[in-house]
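Notes for the one structure printed next.
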Amino acid sequence: MNDIVSGIMEVAGREPGRTAIVDGRGREITYGELARRVTAVRDAMSGPRPENGTRPEDEARPEDGMRPESETRPKTGMRPGDGVLFAVRPGVDAVTLALGAVAAGGTLVLADPGLAPDVLAARMAATRPAWVVSESMLYTLSGPLKGLARRRGLLLPDLADPLPGHPVRHLYTGPWLPGVPRGALRLSRILRSSGAPSVPAGRKTGPGVGQETSREAYGINPDRPATVRETYGTDPDQPAAVIFTSGTTARPRGVVHTRRSLAAGLEMFRSAFPLGPGDVVHTDQLMLGLPALLAGATWSLPGGGDLAAELAARRATHTFAVPVHLDRLLRETPRLPGTLRYLLLGAAPAPPGVLRRAIEAGPEVLSVYAMTEALPIAIASAREKLAHSEGDLLGAPLPGVGVRVAEDGELFVSGPHLARCYLGEEPLREVATGDLVRLEGDRLVLLGRKKDMILRDGVNIYPGLYESGIAALPGVAEAAIVGLSDPETGDEEVVLAVVPEDGYDEGLLRKALPEIVDAAALPDRIEPLDAFPRSGRADKLDRAALRDLVSRRA
């Protein structure tokens with residue numbers, strides 16, 4: 001497979017009546033209907049802008065502050081590689097719009113709320129979006145109600161005019177609201193004109209029980225799968241998404257993935273664990289939801305309620321969790337529903353305590369090692385990780401993933417799933433992970449982040465080599481080692497921070513450390529904390545904040 005969209009369309013051609021997506025409110029959509037919706041969006045975004053015939057709800061209101069459309073909007077449709085600023089929350093509409101935009105030749109650029117205005121401006125200048133695809137409410141919150149949104153902590157680019165002087169077209173979902181630009185395409189109208197129905201609450205779209213469920217009922221030709229590839233997979237090396245991992249106002253750094261590289265990564269996920277028709281994958285993560293669609297399974301989107309209850313109600317077979325979020329869930333719900341076969345962990349290392357509780361909860365627990373530039377790299381089971389005493393076991397590289405360990409121990413990764421490049425830079429042949437590893441046979445063992453290395457008495461200390469072993473000791477929920485630099489000597493004090501749990505005894509901990517930690521890396525002091533500082537959507541350990549916290553306690 002070399003393309004996401006054509007892969008999903010081929011599944012729709014085989015089984016159009018199978019449930020593809022269940023949204024957060026329990027509304028269902030079939031593969032055939034998903035195919036029809038994606039096609040409708042693709043056609044609408046590929047076509048020219050209408051010259052007239054706009055309806056009242058599409059007209060700009062005086063409060064919009066918009067210039068006449070002829071001065072601000074291009075008349076051509078999507079061109080290959082055009083940027084699409086995307087701001088739609090997870091749901092059926094989001095999947096439809098994302099796949100439709102990519103099928104039309106667009107490159108998705110996610111609108112990340114909360115960024116400083118100058119960072120947003122730099123990202124818009126770097127990507128120069130030709131389209132904005134958004135919810136109508138976000139147009140209002142980034143326009144007429146911008147002041148209110150800022151007071152509530154929501155920072156958004158001006159979706160109506162994200163890059164002043166650069167014309168864009170618009171497609172929105174939801175009802176018309178103030179701030180939606182004149183001439184914007186409306187998803188519901190696109191679907192009505194194509195014959196695609198809206199999603200009724202609690203029901204499945206497409207032919208019902210006892211009705212026609214043939215491929216022809218959805219306009220799909222079952223005898224010519226090549227038609228799908230010709231229509232939706234014309235250029236698998238076309239950019240499909242720009243994902244920003246970090247950056248400054250002067251030079252934001254975006255990871256450019258193509259349709260081929262994303263498809264290769266999704267195929268690696270599918271090969272790593274059983275997934276097929278009849279399975280229900282409960283997640284809001286694209287890199288797990290899309291493999292579900294490619295495998296003919298059902299993608300179940302969370303509704304924001306209790307995760308364990310949702311897993312049971314949807315009879316989920318697979319799900320994904322960030323370790324710190326899973327920890328909270330399992331402390332309240334130690335056993336997960338019996339239908340759940342696979343629990344995937346990712347985005348941050350999982351402490352041994354969390355791994356043990358996850359195993360006891362019932363499903364097979366797999367930990368995914370990945371980075372934005374190369375999704376995924378390796379997968380290891382929780383049992384394998386717990387049985388490994390030194391360092392954090394990542395597992396063997398997945399088939400097709402190339403690895404190289406540099407002289408300083410840093411891991412470099414290559415493969416068909418590797419991003420094409422960083423935005424505006426030369427093509428990538430391999431990417432530096434920033435992680436220090438060692439190879440044990442064909443398995444990768446994480447020693448720590450390159451920038452987290454501590455230097456004391458001329459000895460390089462890698463925190464990741466010891467932290468999992470310390471966290472596995474009785475009375476220790478979490479453990480992290482940080483270095484505090486001495487400005488006079490350049491040497492570093494080694495501090496072990498721990499989050500205690502029942503049975504914690506610092507004296508017993510000190511006695512146990514020499515069995516786990518090399519003599520040259522033994523901590524100078526131990527700091528028990530109520531909780532570790534965390535940052536980002538994945539609640540990753542914030543080592544800089546932790547260093548600052550323990551330095552104040554010295």
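These figures come from a predicted structure and were not determined experimentally.
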Check whether any side-chain heavy atom of [X] sits under 4.5 Å from a side-chain heavy atom of [Y], and report yes or no.
X: Leu294; Y: Leu266; result: yes
X: Ile243; Y: Leu110; result: no
X: Leu307; Y: Pro302; result: no
X: Val403; Y: Val437; result: no
X: Val498; Y: Leu529; result: no
X: Arg438; Y: Glu390; result: yes
X: Ile377; Y: Leu394; result: no
X: Tyr369; Y: Asp435; result: yes

Which atom of [X] lies closest to which atom of [Y], heavy atoms considered:
X: Ser261; Y: Ala419; result: OG-CA, 4.4 Å
X: Ala241; Y: Thr107; result: N-CG2, 3.7 Å
X: Ala406; Y: Phe412; result: CB-CE1, 3.8 Å
X: Tyr466; Y: Ala521; result: CE1-CB, 3.6 Å
X: Val494; Y: Ile454; result: CG2-CG2, 4.0 Å
X: Ser551; Y: Leu484; result: CA-CD1, 3.8 Å

Is the shortest side-chain N to carboxylate O distance from [X] to [Y] below 4.0 Å?
X: Glu360; Y: Arg356; answer: no
X: Arg543; Y: Glu467; answer: yes
X: Glu492; Y: Arg547; answer: no

Does the pair Leu290 and Leu262 meet the rule for a side-chain contact (heavy atoms from CB on, under 4.5 Å), with working shown?
-> CA-CA 10 Å; Leu290 290 176; Leu262 288 176; over 6 Å; no
[X] side chain to [Y] main-chain N or O, any donor-acceptor pair under 3.5 Å?
X: Glu310; Y: Gly305; value: yes
X: His318; Y: Leu344; value: no
X: Glu28; Y: Val22; value: no
X: His417; Y: Pro376; value: yes
X: Glu384; Y: Ser381; value: yes
X: Trp299; Y: Val281; value: no
X: Arg315; Y: Pro337; value: no
X: Asp524; Y: Val495; value: no
X: Thr317; Y: Arg341; value: no
X: Glu478; Y: Pro351; value: no

Yes or no on side-chain contact (heavy atoms from CB on, under 4.5 Å) for Arg123 and Val109, after CA distance, side-chain angles and deciding distance?
-> CA-CA 9 Å; Arg123 291 189 178 184; Val109 180; 6.0 Å; no
Applying side-chain contact (heavy atoms from CB on, under 4.5 Å), run through Val413 and Leu418 and close with a yes or a no.
-> CA-CA 8 Å; Val413 174; Leu418 183 66; 5.5 Å; no
Qualifying residue for side-chain contact (heavy atoms from CB on, under 4.5 Å) with Leu326, from Val365, Leu355, Leu345, Thr319 |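 So the option named by the test is Leu345.
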Chi angles and distances behind the salt bridge (Lys or Arg N to Asp or Glu O under 4.0 Å) call for Glu332, Arg328 | CA-CA 7 Å; Glu332 297 179 0; Arg328 296 171 192 157; over 6 Å; no
Report, as yes or no, whether the 6.0 Å neighbourhood of atom [atom1] on [X] holds more than 12 heavy atoms from other residues, nucleotides or ligands.
X: Arg89; atom1: CZ; result: no
X: Asp502; atom1: CG; result: no
X: Met371; atom1: CE; result: yes
X: Arg383; atom1: CZ; result: no

Interatomic spacing from [atom1] in [X] to [atom2] in [Y] - rounded to 0.5 Å:
X: Arg14; Y: Glu10; atom1: CZ; atom2: CD; answer: 7.0 Å
X: Leu522; Y: Ile461; atom1: CG; atom2: CD1; answer: 9.0 Å
X: Phe273; Y: Glu364; atom1: CZ; atom2: CD; answer: 11.5 Å
X: Arg534; Y: Leu541; atom1: CZ; atom2: CG; answer: 6.0 Å
X: Ile21; Y: Thr96; atom1: CD1; atom2: OG1; answer: 6.0 Å
X: Lys511; Y: Asp505; atom1: NZ; atom2: CG; answer: 8.5 Å

Should Ile516 and Ile470 be marked as a side-chain contact (heavy atoms from CB on, under 4.5 Å) after you check the CA-CA gap, both sets of side-chain angles, and the distance that decides it?
-> CA-CA 7 Å; Ile516 300 171; Ile470 298 172; 4.3 Å; yes
